[in-house]
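First the proteins, then the strands, lettered A, B, ... as listed; each starts at 1. Keep in mind that this is a model prediction, so the values were computed, not measured.
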Number of protein chains: 2
Amino acid sequence: MASSTVENYLKHVYLIGQTSDQDLVAMGQLATAMEVTPGTATSMIKALSDAELVRYEPRAGVALTPQGEKLALHVLRRHRLVELFLVNVLGLSWTEVHAEAEELEHAISDKVLERIDTYLDHPSVDPHGDPIPPATGVMDTPTLASLADCPLTQPTRIARVLDQDPGFLKFVDRSGLTPGRGVVVQHRDPAADAVTITPDSQPPVTLGTHAASKILVESE
Amino acid sequence: MASSTVENYLKHVYLIGQTSDQDLVAMGQLATAMEVTPGTATSMIKALSDAELVRYEPRAGVALTPQGEKLALHVLRRHRLVELFLVNVLGLSWTEVHAEAEELEHAISDKVLERIDTYLDHPSVDPHGDPIPPATGVMDTPTLASLADCPLTQPTRIARVLDQDPGFLKFVDRSGLTPGRGVVVQHRDPAADAVTITPDSQPPVTLGTHAASKILVESE
DNA sequence: ATTCTGATTTTGATTGGCCAAAATAAAAAG
DNA sequence: CTTTTTATTTTGGCCAATCAAAATCAGAAT
């Protein structure tokens, strides 16, 4: 059985791997994500390599083996189904369920997990719009534009928010930019590094390009 | 923060203390319950004693301090609310939720716990009839007779089953002796060490005195 | 009162996960 | 092509939780 520490390492290797174009995850990034010192990450990754869960190239980085990826996706499935359950059934705010799920993702059995999946009618995304890996088969992760690069003046819909910080999510929530809401990107001002958006039936908001790039949209 | 190991030690000290008339729990019983060697229990209990969570009397045994009891009851509250939630909401069998709850009881935040409590409308007992400690205030644990010692031929109701073994619980379930069901104790045969019971609208069952003593009833 | 027995405690060692700080290698800058 | 910077790895050590096995104690039996 993989400890929750092992599960977390694998999960972070997967997540960093997703958001980077390199095929190897640098040890430093992993250590930062795991909130451990670099040396700790190195020794842990060596152990995971011995267990065939990752491929480790000293001084270059680390990548998941098929086994490691399977485990990482299983953890992610638990995390995201738990988040959705906490929001849809127990009424917690989507802005704060991430932290709750960080604990529960290691404590839920397969049996309970599949009951939750059934209860929620086999959902495909969590409250942040993050795709839920299926129990078997491959997860589809559509390529989405962000508020920082999608076409202007077109009606679009918020599909996914790529940040779990409650402060940021509460801002997103207040501004009417929650997943599912319709929005129109009014204009961009590169000099000011700013994007102005009009969410459906809400006042316009202006946000910085960096924040805008974390909010993904799909065309209507 | 108490680790799940610490929580488990405290929980077991509490549970053993409940089912025994001694006011000190013997180290050996605790070690058996925790499935560790006696020496491990001794050193852990010393640490808990330093943390003021238990009162430890060398070679005599251990008891919870008020702080330790508070923590133990909090763990038990999580355990039992989770069990009921798994049965009532996710439809798991009451015969198998104990093991699930053993993990989840350490992973659930207070916020989620109170949502569950609200969702279930502040229940007072779990699926086995075990009382759920309230968030604040004192838990009432009524003294109940068992099938081994209650009056004969009187209509009574199954109130509580004092065993978490799925094998035993499945037998109880099949026999129609689940909490809430009405039963009549027909007669007892001390020579045969047996008790014969007729559950409402089910065929009579005969069980050994030991098994009968683990099934508690309340008068109708 | 002494011996035996069973429970308990002690001792020494292990494992998983972590840190601090020194050593090393690779990349960037000169 | 050397030097400096920066990332990574190594080393030595710590803490929580555990075990095996030896030592100790208390109560029971003689």
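In this structure, the separation between CD1 on B/I132 and CE on B/M139 is 10.0 Å, given to the nearest 0.5 Å.
C/dA26 atom P lies 13 Å from atom CD of A/E57, rounded to whole Å. As rounded to whole Å, 11 Å separates atom P of D/dA17 from atom CG of B/L10. Rounding to whole angstrom units, NE2 of residue B/H106 and C1' of D/dA16 are separated by 16 Å. Nucleotide C/dT15 holds its C1' atom 15 Å from the CG atom of A/D50, rounded to whole Å. In this structure, A/H12 places its NE2 atom 16 Å from P of C/dG17, rounding to the nearest Å. If you measure from atom CG of A/L48 to atom C1' of C/dC18, you get 15 Å, rounded to the nearest angstrom. Atom CE in B/M44 sits roughly 9 Å away from atom P in D/dA16 (whole-Å rounding). Separating the CE atom of A/M34 from the P atom of C/dG17 is a distance of 10 Å, rounded to the nearest angstrom.
Side-chain nitrogen and oxygen atoms of A/Y56 include at least one within less than 4.0 Å of the OP1 or OP2 phosphate oxygen of D/dT9. When the side-chain nitrogen and oxygen atoms of A/S3 are compared with OP1 and OP2 of C/dG17, one or more of them lie within a distance under 4.0 Å. Proximity of B/T40 to the phosphate of D/dT18: no side-chain N or O atom is located under 4.0 Å from OP1 or OP2. For B/Y9 and D/dT18, the shortest distance from a side-chain N or O to OP1 or OP2 is below 4.0 Å.
B/D110 and B/H74 are linked by a side-chain donor-acceptor pair at a separation below 3.5 angstrom, with hydrogens and angles left out of the test. Between the side chains of B/H106 and B/N8, a donor-acceptor pair is found at a separation under 3.5 Å. No side-chain donor-acceptor contact under 3.5 Å links A/T65 and A/E52.
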Please write out the pairs of protein N or O atoms and N or O atoms of nucleotides 22-25 of chain C separated by less than 3.5 Å, giving the distance to one decimal.
unit_1: C/dT24; atom_1: O2; unit_2: A/R59; atom_2: NH2; d: 3.4

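Contact annotation for A/A26: backbone-only contact, meaning every heavy-atom pair under 4.0 Å involves sugar-phosphate atoms and none involves a base. B/G39 comes within 4.0 angstrom of a nucleotide base, judged by non-hydrogen atoms across all strands.
In the set C/dT8, C/dG17, C/dC19, the nucleotide with an atom closest to the side chain of B/P38 is C/dT8. In the set C/dT9, C/dT10, D/dA20, the nucleotide with an atom closest to the side chain of B/K46 is C/dT10. With D/dT10, C/dT8, D/dA20 as the choices, the nucleotide that has an atom nearest any side-chain atom of B/T42 turns out to be C/dT8. Comparing D/dT9, C/dT9, C/dA20 by their closest approach to the side chain of A/M27 singles out D/dT9.
Using cut-offs of 30° and 60° for the angle between ring planes, the B/W94 and B/H128 rings count as tilted.
Heavy atoms from other residues, nucleotides or ligands lying under 6.0 Å from NZ of A/K111 number 12 at most. Counted within 6.0 Å of CD on B/Q18, heavy atoms from surrounding residues, nucleotides or ligands total more than 12; the atom is thus considered enclosed.
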Checklist entry - So B/V185 and B/V217, side chain to side chain contact (heavy atoms under 4.5 Å, CB included) or not? Walk me through it. => result CA-CA 10 Å; B/V185 179; B/V217 295; over 6 Å; no
